[in-house]
Asker: 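Pasting a structure here, questions to come.
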Number of protein chains: 2
Amino acid sequence: MIYQNATKQELQEELELLRDRFEEYSILNLKLDMSRGKPAADQLTLSEGILKAVVEDSECITENGIDVRNYGGFDGIPEAKRLFSEILGVPADMLFVGGVSSLNMMYDAFARNMIFGAGEGMKPWGQGGIKFLCPCPGYDRHFGVSQIFGAELIPVPMTEKGPDMDLVEALVKDDETIKGMWCVPKYSNPTGVTFDEETVRRLVSMPTAAADFRIFWDNAYCIHDLYEDGDVLPEIFTIAREYGNEDRVYEFASLAKVTYCGGSVAVMATSKANLAYAKKIMAKQFICHDKVNQLRHARFFGGIEGLRAHMKKHAEILAPKFDCVIETFERSLAPHGVGKWSRPKGGYFISLDLPEGTAKRTHALCTQLGVVLTPAGATFPYGVDPMDSNLRIAPSFPTPEELRGAAEVLCLCARIATCEKLLAN
Amino acid sequence: MIYQNATKQELQEELELLRDRFEEYSILNLKLDMSRGKPAADQLTLSEGILKAVVEDSECITENGIDVRNYGGFDGIPEAKRLFSEILGVPADMLFVGGVSSLNMMYDAFARNMIFGAGEGMKPWGQGGIKFLCPCPGYDRHFGVSQIFGAELIPVPMTEKGPDMDLVEALVKDDETIKGMWCVPKYSNPTGVTFDEETVRRLVSMPTAAADFRIFWDNAYCIHDLYEDGDVLPEIFTIAREYGNEDRVYEFASLAKVTYCGGSVAVMATSKANLAYAKKIMAKQFICHDKVNQLRHARFFGGIEGLRAHMKKHAEILAPKFDCVIETFERSLAPHGVGKWSRPKGGYFISLDLPEGTAKRTHALCTQLGVVLTPAGATFPYGVDPMDSNLRIAPSFPTPEELRGAAEVLCLCARIATCEKLLAN
């Protein structure tokens, strides 16, 4: 039964059946978490070798003679730079290898621009009201960074090919206060969309009123394919170079979801001019990052091939979980015409668009049954989804059995919310 | 021969002798570094066990059930908090355990106050011209942080008991733009002075025109005694509490010179109000720090007793180096009335005050002979020592043999510079 086409009578009967099932679930006292893109225990186990990758003093010297245990190596050890260079397809001299958190590197880049300006002689962003473009549904932590710095968040809808570029171009063309834009260009959080070449090209070539417009290119899922035929993201600096706009881009990535979220290595890539400018400031901020851990990572993988083989093992664990959720949606939502969902080829999320005005209610019902989801609205600036439609599903952390249950609960709650909504109209 | 009392003739003859020795050294092509407080190789070796402290998946769970490999544990794992609580004598709920660099935590704390203000409803430091007190000779990297944020640096002379508190009190009493002060309260960099209780008490009780006055209490050498009878620094929050001024203090420390400068753990301690405020901002900056490494540190030491035993091993390596430099000064400088130097009971530096107007020349002569010292003036705001007198000696990194040579070279160069200066008068 397609709910949209059902009579009030049919919907009422359906709702009663669904509520009976809701009651059955409520006595199970479930405790399932699909709220954050958090690796599961068996994924962490894949990286046990990294704990043993550097265990002797004699292993602590880099190929260029740096003792990783001591000071020095401000911008990262060569082994780590090479690994990230291979991952991102960006020359090593455009990289700054940092500590454990790419989010921290993004926050720091934003803070630098707020206090010091985006480049030599440029006005600090903090000296005037600024705006930031937020493709949505998008990543709440990105929006949170720009929000805490006082930027006005401008939503830009995501399409199948990336953010709505007609809108982006129109916005940045004349408004000098729009200083930048968040992007998760591959397996976008949460839609799973990978930006196509035209989108990347338009982003780096479009005229911007702000000379200090900056794209925060969070390539978080650059190597996080779920299947053999993963998406291919064009390398942004290669294209930006054609237009002389390399300064427009800060790229970020990390090995958080490759080894350990609580102990990996992050990187920033940007133009040589931006990097030189940032380094002058960062030289006052710290002496070096954790180079022992950088070396652990480089040694553990050996190189890009080792890393790719490692990512296949993650995919073997993750893909069935994504499949399970999507199968459940197809079985339990599709027959009722409830919602649309992404079928990402990588990344950590499934984006579920429910009928307008039912996301919050669905979330609340799930919470009652012990299934924790990312709050409805979180994928939009200020946490407000104007359609109250989008939910972000993170299938990675629960076990497959838990996940099946959690997905069933989610479908049940979405159906209840949809019936309620239709009945109330 | 006391140079000050010598005739021009005597000085000229002495200078010729010294220059002959300078020539002898110049053909040795020395390459000795006494410029930074950098542990030597045998000190790093003391911590080899930390590389093996967490090498199995089964070892990755904290006492409160956090998997250190995954997200979570935003403000540090309990084991690490307990260790730092014991080190600093500060309750664990006043601590934020971070990443590898305490300098980074100081920079971040400064940046937070610049952008957001020092507390709820307070004006951001960045919205007006601010000044910062810099006890000197002091730590160049501290001055560098306040300088890059645009603060005017106000020098405050160090005494035997800490900064000149009469001056500090007079300055902060009426000037609302003085927002804070740098302190290395124990084994101060570079003087080796440990603040006495009266100084600590006056710092936390003095009236300040700025309600958002903050002391950056960099307790870098809190457990870094060279000898059995180390200095004792009063615990600042205990005293601040008496005056209701706990919000005035940010304390920082790290295990950089305990385990690895390139892979340790840092901490910030502050009032619960400050901590809650900072956490609200930091929650946007990162998800967690490297908890695997926090656990490595906690496991390796086991507790404060293990840590203290470890620090004794550092002292066994470091104390003879300090002794060697001081003996050389006593043998080669004292008989000529050249300079005064500290005899620190801990920390990483010896402060050498040469005759006025000779520090830069001494530094330049040392450089010619291949002995690298911290630049003359570096211990003062803006790198300018008004007396051109102070040199910071870092004896830790060279081997004992190298150190003997380097100290001899330094004495030789100081004597040449002194003779030149006296002859030029």
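Only this structure's heavy atoms are used, side chains among them; waters, hydrogens and symmetry mates stay out. Residue numbers start from 1 in every chain, and the chains themselves are labelled A, B, ... in the order their sequence lines are given, proteins ahead of strands.
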Asker: What part of Y260(A) lies closer than 4.5 angstrom to a heavy atom of chain B: side chain, backbone, both or neither?
Answerer: both
Asker: Quick one: what part of A256(A) sits under 4.5 Å from any heavy atom of chain B, side chain, backbone, both or neither?
Answerer: side chain
Asker: Please walk me through it: do N113(B) and Y250(B) pass side-chain hydrogen bond (donor to acceptor under 3.5 Å, both in side chains)?
Answerer: CA-CA 12 Å; N113(B) 291 4; Y250(B) 305 133; 2.9 Å; yes
Asker: What are the two closest heavy atoms between S396(B) and L318(B), and how far apart are they?
Answerer: CB-CD2, 3.5 Å
Asker: Determine the minimum heavy-atom distance between S146(B) and W182(B), stating which atoms define it.
Answerer: OG-NE1, 2.9 Å
Asker: Examine whether an atom of I281(A) lies under 4.5 Å from a heavy atom of chain B, and if so say whether it belongs to the side chain, the backbone or both; otherwise answer neither.
Answerer: both
Asker: Is chain B contacted by the side chain of D67(A), its backbone, both, or neither, given a heavy-atom distance below 4.5 Å?
Answerer: side chain
Asker: Counting heavy-atom pairs under 4.5 Å to chain A, which of K291(B), Q285(B), K284(B), R36(B) comes out on top?
Answerer: Q285(B)
Asker: Name the region of N293(B), side chain, backbone, both or neither, that has any atom closer than 4.5 Å to a heavy atom of chain A.
Answerer: side chain
Asker: Chain A heavy atoms under 4.5 Å from Y107(B): which part of the residue, side chain, backbone, both or neither?
Answerer: side chain
Asker: Looking at chain B, which one of Q127(A), Q294(A), R296(A), Q43(A) has the largest number of heavy-atom pairs inside 4.5 Å, strictly under?
Answerer: R296(A)
Asker: Classify the ring geometry of Y221(A) against H224(A): parallel below 30°, tilted from 30° to 60°, perpendicular beyond 60°.
Answerer: perpendicular
Asker: What part of L44(B) gets closer than 4.5 Å to chain A, counting heavy atoms only: side chain, backbone, both or neither?
Answerer: both
Asker: Using the benzene-type ring in the case of Trp, are the ring centres of F380(A) and F143(A) under 6.0 Å apart?
Answerer: no
Asker: Is it true that H310(B) and T259(B) share a donor-acceptor pair across their side chains at a distance under 3.5 Å?
Answerer: no
Asker: For K257(B), is it the side chain, the backbone, both, or neither that has a heavy atom closer than 4.5 Å to a heavy atom of chain A?
Answerer: side chain
Asker: Looking at R141(B), M282(B), K280(B), H289(B), which has the largest count of heavy-atom pairs under 4.5 Å with chain A?
Answerer: R141(B)
Asker: Select one option (side chain, backbone, both, neither) describing which atoms of T45(B) are under 4.5 Å from chain A's heavy atoms.
Answerer: both
Asker: Are K38(B) and F397(B) in a cation-pi setup, meaning NZ or CZ lies under 6.0 angstrom from the ring centre and within 45 degrees of the ring axis?
Answerer: yes
Asker: Could you list all the ring pair (Phe, Tyr, Trp, His ring centres under 6.0 Å) pairs where at least one residue sits in residues 111-130 of chain B, not counting sequence neighbours?
Answerer: F149(A)-F116(B), F110(B)-W125(B), W125(B)-F132(B)
Asker: Answer with side chain, backbone, both or neither: which region of I148(A) has an atom nearer than 4.5 Å to a non-hydrogen atom of chain B?
Answerer: both
Asker: Heavy atoms only, distances under 4.5 angstrom: which of V292(A), L103(A), V100(A) has the most pairs with chain B? Name it, please.
Answerer: L103(A)
Asker: Please check if atom NZ in K31(B) has more than 12 non-hydrogen atoms from other residues, nucleotides or ligands closer than 6.0 Å.
Answerer: no
